[in-house]
*Asks:* 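The following block contains the structure, expressed as C-alpha cells.
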Amino acid sequence: VEPRLFAGRPLAAGSEPLTEHLARLGPPSPGRPELMDVLEASGLLGRGGASFPVGRKWQTVAQRGGGDSRVLANGAEGEPLSAKDRTLMALRPHLVLDGALLAADAVGAREVVLYVGGAHHHARAALARALKERTASRHRMPARVRLVIAPDAYVAGEESAAVHFVNDADARPTSIPPRPFERGIAGRPTLVQNVETLAHVALIARFGDAWYRQAGLSRTPGTALVTVHGVAQPGVREIELGARLGDLAASWGVSQAHTRAVLVGGYFGAWLSRGAAWSATLDPLVMRDQGIAYGAGAIWFLSAADCGVAATARIMDFMASQSAAQCGPCVFGLRSISDSLASIAAGRASFTDVDRLRRWGNELVGRGACRHPDGAAGLLASALSVFADEFDAHIRHRRCTATAGGRVA
Amino acid sequence: MARPSRGRGRPAMRLPELAPRHRSPRLAVDRIRCDGRGLCAELLPELIDLDDWGYPIIRESAIPPSLETLARRAVASCPVLALRIELPNAA
C-alpha cells in the first residue's frame, strides 16, 4: 500500500518542516461544518484504542459545545508496546497540528491542548518547533494551542485522566459520567482525539472521503500505523487495514513455525494462537465482532522459544504497577492476579490457583472507573485459553514446556 | 454543499452512542469513592456480592420493582456515598 501518513521525505530524514509540508500537500481548507459529514462518510475510526467513529464524536462535541468547546490531541501513548504516536508526532508534526486545528474549527473550540507523553522527547521537540514555524509564518490559527507534557504513566492517556491532568495536574482517571464530551477541559465539552486520528483528518480534509476509502481490504477503510515487535526489524509501519496478519507477518519476515503466539492490541489486547493469528484480519470492526480488541495497533510475535505464562506474568506485573490505585477491585485484583501468575510461572502453584485466577479475571470486568482492569482481564482470559497447555504443564509437571530444558521462569 | 456519498455499496456503519442508554433504574457504584465497607451487600444480597477483598460486585444492575425500596435503603446507607441509582435515560 502507498503510505499516506508516512508519504513524503524518507522517515530517516526526520521531522518534516512546514514549508515542505505545505509544498507537498497544500494548505488544508478551513474546518467547515461539512467536514464532519465528510469524516462520517469516510468511516474513519479513532486510533487511540476504542475505534470510535470520528464524525459522530465531533458532531456530539460540536452540538454540546455551543461554540465554546475544547480539543485535546492525545499523544500520551503510555502503552509499552506502542510507539506509533510518538513516531508520527516526531516525523509529521504538521499533519497532527492540521488535524487538531481543523477539529477546533469544526467543533467550535477556543483552545487546543497537545497532550504529549513526557518520555517522547523527539515528539515534544518536533511539535514545539512546528508551532514556532506556524507562528513565525503567520499561519492561520483558529484556536490557541498549548503543549502539555503528560506524566509518564500508563493510565495518563486515558481520556478522563488526560482531562483531569490538564485541569488539575492529576493524571488519574475520574468517575464517569461526566465524560469529556460532556464536561472536559475548563468544564467545557471536549473532543479527546488520538494524534494519529487527527493526522488522517488532515488528509481527508484535503482529499475527501472517497479518496480515504480507496485504502482498506475489509470493513474498516484506510491505512493505520502499527508497532511491531518480535520481528527482525521491530518498529512502526503503515499498513492497509483489513490485511491478513499472516500476510503481514510474511512480509516482516516472521515464520509461523518459530512463533508461539501473537499479542494483538498491546497490553490491553489479547493473545492469539499462531494459527488464529495468521488467519486474523487486522481490522477494528472485524476483530470487534470476533471479540478481539484492535486497540492501538501494537503487535508482538512471541517466539516459540519463549514462555507464554511468564510473558503474561510480566505484563500483568506491569498492569498492576500502573493501576492509578483509586479503585479497590483494580488495586487488589490486579496485584493478586499478578502474584498468582508469577507463582504459576515459577512452578509453585496448583490447579486451584488457576481456577481462582480465572474467577478473579471475570470479576474484574467493568469494576473500575476506567477500563484499566477490563484490559487486564481480557489479556488474562486470552492467556488462559491460548496457553492452556502451558499453564497445565507448569502446574502438573512444575516445568515449562516452552523454554529449553523445561526450566521454569 | 451536497452531502457526501456514503461510499460504494458498503454496508452503513453501525454508529454506537457515546453514552449507553438504559431503560430501567440501575444500581451503579462510584468505584473511586467505594472503599469496600460492604454494607450494600448486607442490605441487598439479592443484587450485590462482595469480591475476595470486600468490594461490591453488582450481579444484576437493573433493579426490579420489588427491590426498589431495599435498593434505596442500601444507597442511603453507604457511608461513603458510593452507591447510587441511575434513572432510565432511554427515549
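Not measured: the values here are computed from a predicted model.
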*Asks:* Could you check whether atom CZ of A/Arg183 has more than 12 heavy atoms from other residues, nucleotides or ligands sitting under 6.0 Å from it?
*Replies:*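 Counting other residues, nucleotides and ligands, CZ of A/Arg183 stays at 12 neighbours or fewer.
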
*Asks:* For the pair B/Asp51 and A/Arg367, find out whether any cationic side-chain nitrogen is under 4.0 Å from an anionic carboxylate oxygen.
*Replies:* yes

*Asks:* Contact part of A/Arg172 toward chain B, heavy-atom cut-off under 4.5 Å: side chain, backbone, both or neither?
*Replies:*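 No part of it gets close to chain B.
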
*Asks:* When only heavy atoms count and the cut-off is under 4.5 Å, which of residues 55-82 of chain B reach chain A?
*Replies:* B/Tyr55, B/Pro56, B/Ile57

*Asks:* Which pair of heavy atoms, one from B/Ile32 and one from A/Pro173, lies closest together, and at what distance?
*Replies:* CD1-O, 3.5 Å

*Asks:* Can you tell me how far apart CG (B/Asp49) and CD (A/Glu363) are? Round to the nearest 0.5 Å.
*Replies:* 8.0 Å

*Asks:* For A/Thr174, which atoms come within 4.5 Å of any heavy atom of chain B: side chain, backbone, both, or neither?
*Replies:* backbone

*Asks:* More than 12 heavy atoms of other residues, nucleotides or ligands under 6.0 Å from CZ of A/Arg335: yes or no?
*Replies:*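 Yes - once you tally the heavy atoms of other residues, nucleotides and ligands closer than 6.0 Å, there are more than 12.
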
*Asks:* Provide the closest heavy-atom pair for B/Arg31 versus A/Gly366 in the form atom of the first, atom of the second, distance.
*Replies:* NE-O, 4.5 Å

*Asks:* Please give me the minimum heavy-atom distance between B/Arg84 and A/Ile176, naming the atom from each residue.
*Replies:* NH2-O, 4.0 Å

*Asks:* Using 30° and 60° as the class limits, which term best fits the ring planes of B/Trp53 and A/Phe332: parallel, tilted or perpendicular?
*Replies:*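 Ring orientation of B/Trp53 relative to A/Phe332: parallel.
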
